[in-house]
**Student:** 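The structure under discussion is supplied below as structure tokens; questions concerning it will follow.
Only heavy atoms go into these numbers, but all of them, side chains included; no hydrogens, no water, no symmetry mates. It should be emphasised that the depicted structure is a prediction, and the values quoted were computed from it without experimental measurement. Here is the naming used below: chain letters follow the sequence lines, and residue numbers restart at 1 for every chain.
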Number of protein chains: 2
Amino acid sequence: MTATKVTLKDVAARAGVSYQTVSKVLNGEMQVAPETMERIQAAVQELGYRPNRIARNMRAGRSFMIGYSWTQTEPGQVNHILDQFLSSMVREASAVGYYVLPFPFHEGKAQVETYRDLIKSGNVDGFVLSSVNYHDPRIQFLLKQQFPFVAFGRSNPEWDFAWVDIDGAAGTRQAVEYLIGRGHRRIAILAWPEDSRVGNDRLQGYLDAMQAAQLATESSYILRGEGTFEVGRAMTLHLLDLPADRRPTAIMALNDTMAIGAMAAARERGLTIGTDLAIIGFDDAPMAQYLFPPLSSVRQPIAEAGRKCVELLVALVEGREPEQRHVLLQPSLIIRASS
Amino acid sequence: MTATKVTLKDVAARAGVSYQTVSKVLNGEMQVAPETMERIQAAVQELGYRPNRIARNMRAGRSFMIGYSWTQTEPGQVNHILDQFLSSMVREASAVGYYVLPFPFHEGKAQVETYRDLIKSGNVDGFVLSSVNYHDPRIQFLLKQQFPFVAFGRSNPEWDFAWVDIDGAAGTRQAVEYLIGRGHRRIAILAWPEDSRVGNDRLQGYLDAMQAAQLATESSYILRGEGTFEVGRAMTLHLLDLPADRRPTAIMALNDTMAIGAMAAARERGLTIGTDLAIIGFDDAPMAQYLFPPLSSVRQPIAEAGRKCVELLVALVEGREPEQRHVLLQPSLIIRASS
DNA sequence: TCTCTCTAGGCGAACGTTCGCCTTTATCAT
DNA sequence: ATGATAAAGGCGAACGTTCGCCTAGAGAGA
């Protein structure tokens with residue numbers, strides 16, 4: 001109830017013991033007489049004592065903080081991931097006595113410097129990395145520093161580090177298998193540039209599904225480009241301009257934004273989406289269900305990924321051997337009217 | 001370069017001075033001989049010294065942390081705000097030597113307890129509040145505790161506290177004025193329940209614009225309900241079932257999700273959106289531009305709001321009198337094909 | 001009765017800073 | 001020559017914990 005800071009000494013004075021004793025009792029590291037226990041607990045209650053976290057961290061020599069940074073999306077793009085991912089990390093961290101520390105994202109060389117500063121200043125005990133790609137300089141740096149981290153996403157296969165990822169290949173495979181099951185044979189895919197690890201992963205699922213069904217994977221059905229609305233639209237227009245017997249009847253897009261571009265293109269060509277042309281996206285953005293027609297999409301277990309990242313990282317930080325250093329989560333296909 | 005922690009003492013030993021001197025020199029609180037200065041700087045460089053933030057905070061008696069918590073949206077809803085708001089807070093905070101500490105959101109009584117714990121444990125120096133409404137218990141609590149905070153959003157007018165808000169009334173007014181300018185006379189509004197401070201604010205802009213144009217504000221044109229797709233759709237179906245001479249020609253929705261519901265309803269009734277029925281949303285969700293047709297909407301300066309919140313809060317925390325305790329930011333109308 | 005053990009709790013130290021005050025030496029005006 | 005002043009830097013203390021070790025007294029076994 002008091003406005004000023006309540007410390008162990010205040011509690012001790014009121015309970016008539018030394019402050020170190022209060023500390024030990026509260027941390028369950030000491031046996032005391034029942035009446036002493038009661039006096040201490042009463043004092044804690046009456047004064048509203050809470051241990052000072054800074055002093056505790058100071059003594060412990062670490063911060064109980066998990067550093068996290070994310071690339072802010074350009075205006076017009078969505079980051080529907082952040083809410084779920086961050087919320088679940090914060091909850092999980094809090095449950096095991098940690099906090100998540102968001103720090104500003106810097107491009108280029110400054111990025112690794114930011115990580116170095118956070119380490120050297122003792123600001124964080126570990127990192128969770130997002131937007132991981134091949135040759136990620138942060139991973140190289142943290143591996144060299146032997147500083148605990150967990151990546152949300154895989155990188156170079158030859159690097160050994162803990163990661164959590166979503167099985168993008170399985171997601172696409174599932175979607176393409178569904179299309180094949182619906183009778184589609186000419187299935188195109190709107191993919192990403194070759195330097196995208198996530199894009200290649202998702203693309204692989206397409207290739208696998210096509211091959212398993214003994215369908216040729218024509219290169220003219222595999223289009224690569226940036227994952228934007230405009231690119232998705234342009235690619236689809238291109239596909240729809242193919243001769244009628246070669247025009248795809250279904251399009252798989254590696255994200256919803258491209259899928260929406262594809263929908264726009266189909267509409268421009270007067271096609272009925274879902275009937276004349278099936279479209280499936282990836283990410284299951286919240287808006288997907290409200291589009292016209294509602295967009296089929298692959299949904300990722302983002303919250304689960306956040307939880308796992310923290311679980312793994314805390315194990316690493318505390319020197320425990322985690323049961324598994326690699327967690328691959330399965331996405332699920334959400335079928336709506338667009339396919 | 002060393003893996004172990006580098007402290008002031010290490011730097012001091014290498015530079016041949018006392019560690020307190022190093023501290024003062026680095027903080028610019030002391031004049032030393034140029035050569036001493038050089039030795040110190042060289043030692044700092046070579047050892048890669050960074051001041052330990054925990055120890056510094058310990059000494060300062062505060063955490064240089066800003067507490068922030070947000071209500072996680074239900075699955076299917078979007079929080080396109082979070083990315084921008086949090087990013088801009090983190091950047092601004094970092095620029096003035098603070099960090100943002102996200103903590104788990106709890107409903108009910110536990111919510112205020114969470115805030116109390118964070119204060120008593122010295123975890124934060126101040127709070128930024130989101131999702132503020134009338135009678136917000138957090139505001140009551142923090143006012144009573146006299147603990148620094150800034151609310152993103154207004155609450156009861158009789159309470160005196162620092163806030164940053166977006167002028168929702170101005171946003172709606174602008175949109176409705178636009179509709180009136182386009183010749184619309186029968187303009188309906190999809191509003192929120194009366195206990196929503198934000199909803200009432202935005203609604204007021206509609207009433208103002210209608211009144212200024214000497215248009216009657218029929219109660220049958222003012223519909224209130226939860227801001228979901230389904231509610232927006234149902235309300236619009238209801239409006240479209242009015243007799244032809246009373247059917248609205250334009251609909252203003254207090255958020256984009258309802259506006260999208262309205263678009264769905266219009267489509268169901270075979271109306272061409274933008275021509276037969278004008279629709280304007282609020283929030284300018286990232287997807288709005290990709291809808292068919294692209295949705296007109298009111299865009300809020302979220303990043304600016306985040307910056308201002310931190311700026312104000314830091315002033316309060318450091319006992320400076322901020323220039324203005326209330327910041328009202330102007331949204332802007334984005335016209336697209338739906339209106 | 002003596003020693004041994006157990007219980008209940010005290011005490012000093014340390015984590016890495018910053019802050020206030022003190023000391024030493026050189027400089028300068030008188 | 002002398003006292004005052006400024007420059008350069010040292011030193012002890014404190015922030016609030018936790019940790020390891022110590023001690024006083026009580027009870028028990030020989």
**Student:** Starting from P on dG9(D), measure out to CG on N27(B) and report it in whole angstrom.
**Tutor:**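 Distance check: N27(B) CG to dG9(D) P gives 16 Å.
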**Student:** What integer distance in Å separates M30(B):CE from dC22(C):P?
**Tutor:** 15 Å
**Student:** Can you check the I54(A) CD1 to dT18(D) C1' distance for me, whole Å?
**Tutor:**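 Atom CD1 in I54(A) sits about 16 Å away from atom C1' in dT18(D).
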**Student:** Round to a whole Å and report the spacing from CD of E29(B) to P of dC21(C).
**Tutor:** 14 Å
**Student:** Kindly check if the number of other-residue, nucleotide or ligand heavy atoms within 6.0 Å of CD (Q140(A)) is above 12?
**Tutor:** yes
**Student:** Considering only NZ, NE, NH1 and NH2 on the basic side and carboxylate oxygens on the acidic side, decide whether D160(B) and R325(B) come within less than 4.0 Å.
**Tutor:**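 R325(B) and D160(B): salt-bridged.
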**Student:** For atom CD of Q31(B), is the number of surrounding heavy atoms from other residues, nucleotides or ligands below 6.0 Å larger than 12?
**Tutor:**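 It does not: Q31(B) CD has 12 such atoms or fewer within range.
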**Student:** Quick one: L26(B) CG to dT17(C) P, roughly how many Å, whole number?
**Tutor:**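 Checked: the CG to P distance equals 10 Å.
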**Student:** Summarise protein proximity over nucleotides 11-16 of chain D in one line of letters, 5' to 3': B for base, S for sugar-phosphate only, - for none, counting protein heavy atoms closer than 4.0 Å.
**Tutor:** BBBBBB
**Student:** Hey, does the side chain of K308(A) reach the backbone of V327(A) with a donor-acceptor pair shorter than 3.5 angstrom?
**Tutor:** no
**Student:** dT17(D), OP1 or OP2 - any side-chain N/O from S23(A) closer than 4.0 Å?
**Tutor:**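 Indeed not, no polar side-chain atom of S23(A) lies that close.
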**Student:** Rounded to whole Å, please give me the gap between CZ in F64(B) and P in dT18(C).
**Tutor:** 10 Å
**Student:** Check whether the side chains of D136(B) and S155(B) place a donor and an acceptor atom closer than 3.5 Å, and report yes or no.
**Tutor:** no
**Student:** Checking all strands, does N57(B) fall into the base, sugar-phosphate, or nothing category for heavy-atom contacts under 4.0 angstrom?
**Tutor:** nothing
**Student:** So, for V128(A) and Y68(A), which heavy atoms are closest and what is the spacing to 0.1 Å?
**Tutor:**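 Closest approach of V128(A) to Y68(A): O-CD1, 3.3 Å.
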